[in-house]
There are 2 protein chains.
Amino acid sequence: MIRTISPNRASFGRCSACTVRSLSICNALDQADLAEFERISRHIHFAPNEALFTAGQIARSVHSLTAGVARLYKLLPDGRRQVIGFALPGDFLGVAPSDRYSFSADAIDSVTVCRLSREAFTHFIEQRSHFLMRINEFAARELKLAQEQMLLLGRRTAEEKVASFLVGWRQRLAQIGDERQTIALPMSRQDIADYLGLTIETVSRTLTRFEREKMLIIVAGGVRLLDPSRAAAMAAA
Amino acid sequence: MIRTISPNRASFGRCSACTVRSLSICNALDQADLAEFERISRHIHFAPNEALFTAGQIARSVHSLTAGVARLYKLLPDGRRQVIGFALPGDFLGVAPSDRYSFSADAIDSVTVCRLSREAFTHFIEQRSHFLMRINEFAARELKLAQEQMLLLGRRTAEEKVASFLVGWRQRLAQIGDERQTIALPMSRQDIADYLGLTIETVSRTLTRFEREKMLIIVAGGVRLLDPSRAAAMAAA
DNA sequence: CGATGACTTGAGGGAATTCAACCGTCGTGG
DNA sequence: CCACGACGGTTGAATTCCCTCAAGTCATCG
């Protein structure tokens, strides 16, 4: 029998000790459900830039991110890329209408996920309507984010796009408990550009201009917002 | 007591006679469930350009479209508009994470919806996990469409956008049983432009060029595709 | 039949891209 | 120890695709 997952990368889940449970889909589970969930899930680790899964593959698993940041993206045949989102701890990757992944996901930094077979997951949710409701809430939240991103991609200027991204990203980091002054940007400029429908040069130029205008300071691995209200105004406009 | 809905516009649902049931969320309901659903829902009619609901309003209702086409859109404070989708018969408008509408919807042509109070709807689904699963599938399908639209908005050229729109729209019409040669386009050029993140002039020019190049013929209320494979190639590229 | 609204067409401009060079950091091996 | 290439990021100049502005066409309707 071929093991596709090496033992040192996969381990049994310890749901009771899960640090992101309250953020994740698992918050809807009681003690008994959690024990069963633990039985059917595995923790898996991914190194930076490693693929969690790839668009077009048969979707055998669903994932709940427990640590790190992942980029979710779609490609055109000629290589053009659109990043459709960044997944943070607590995010669920498994809302899909077909049996194949419709987008790809890879680790940006060091990532840990809780992985379940799609089959077991489907069986698990069927009996638990409160859990199903939770999945539904997650799907609804994702959909709303996607719709906001459509507005950004279709109707905002480069400047507004970058400002909106920073404000939105800061907010998401705050939601998972990262309230540091400096906004961590683990993804590359290229990732940001592909998320905003811009080129890497435009993202770079815009950030440098923001810095010249004293709206922020570019630091290693992120930016420090000096004028959050100005950024927020740009994002809303 | 104030009646917000005039009697001649609202009527009791006749779910058993519903022509779009197999396409809609209600396909997951058996006879008994359907009778209960009928009890809590009402049919409402909207004239062209009338608003079904508006972004920011408290979301008291969920809707299932039974006839006509609606545009779903978001606005920026300065009036820029992004159409995030067109709703067709069978489509469900009610997957939302908050108690306020996050987008607006209005009738393009003559529209009929099946409307339920959000409260009654929530209560209804809680007991019916198979129905909840169906809602989930609808949400997943919506999400996938939204992600494809992000790719289009962020990374496709004007030409590709228009071609993709025509191909995708034709496919959606086919799914609801409209397989006519001519692709009906009940929405205005402005609606299409706002859907594709373009200006009305660019949409118009692109369509005229397609016509000059014998890919299609522009007719009243739609287009006739002469070279579907060429359009499909443009859409995929 | 003039007015109105949806759409088309043309000319010119500009925001973002493309192309290209350059900078700084980091890991590697001579 | 430092030369070196690789890589991510920044900056500059030229180009282009799409937008803006403006005018014109066509069908509909009071």
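Chain letters run A, B, ... following the sequence lines, proteins first, then strands; residues in each count from 1.
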Would you indicate, yes or no, if dT9(C) has its OP1 or OP2 atom less than 4.0 angstrom from a side-chain nitrogen or oxygen of Thr208(B)? yes
Just by distance, do the side chain of Gln147(B) and the backbone of Ala146(A) share a donor-acceptor pair under 3.5 Å? no
Separation of atom CD in Gln190(A) from atom P in dT18(C), rounded to whole Å: 11 Å
Whole angstrom value for the distance that separates C1' of dG5(C) from CZ of Arg189(B): 14 Å
Rounding to an integer number of Å, can you tell me how far Asn49(B) CG sits from dG5(C) P? 12 Å
Looking at Glu160(A) and Arg80(B), is there a salt bridge between them, counting it only when a charged N and a carboxylate O are closer than 4.0 Å? yes
Heavy-atom protein contacts under 4.0 Å, nucleotides 12-30 of chain D, coded B base, S sugar-phosphate only, - none: BB----SSBB---------
Test side-chain hydrogen bond (donor to acceptor under 3.5 Å, both in side chains) on Asp106(A) and Ser104(A); report intermediate values, then the result. CA-CA 7 Å; Asp106(A) 26 73; Ser104(A) 304; over 6 Å; no
Distance, rounded to the nearest Å, where Phe210(B) contributes CZ and dT8(C) contributes P: 13 Å
For the residue pair His45(B) / Ser110(B), report whether a side-chain donor-acceptor contact shorter than 3.5 Å exists. yes
In whole angstroms, how far is the C1' atom of dA16(C) from the NZ atom of Lys161(A)? 9 Å
Salt bridge or not between Arg81(B) and Asp191(B)? Use side-chain N to carboxylate O under 4.0 Å. yes
Rounded distance in Å - CD1 (Ile218(A)) to C1' (dC23(C)): 14 Å
Separation of dA16(C) atom P from Leu207(A) atom CG, nearest Å, is 14 Å
Atom pair distance, as rounded to whole Å: CD1 in Ile200(A) and P in dA20(C): 17 Å
In plain terms, say whether Arg60(B) and Asp99(B) are close enough for a salt bridge, that is, a side-chain N and a carboxylate O under 4.0 Å apart. no
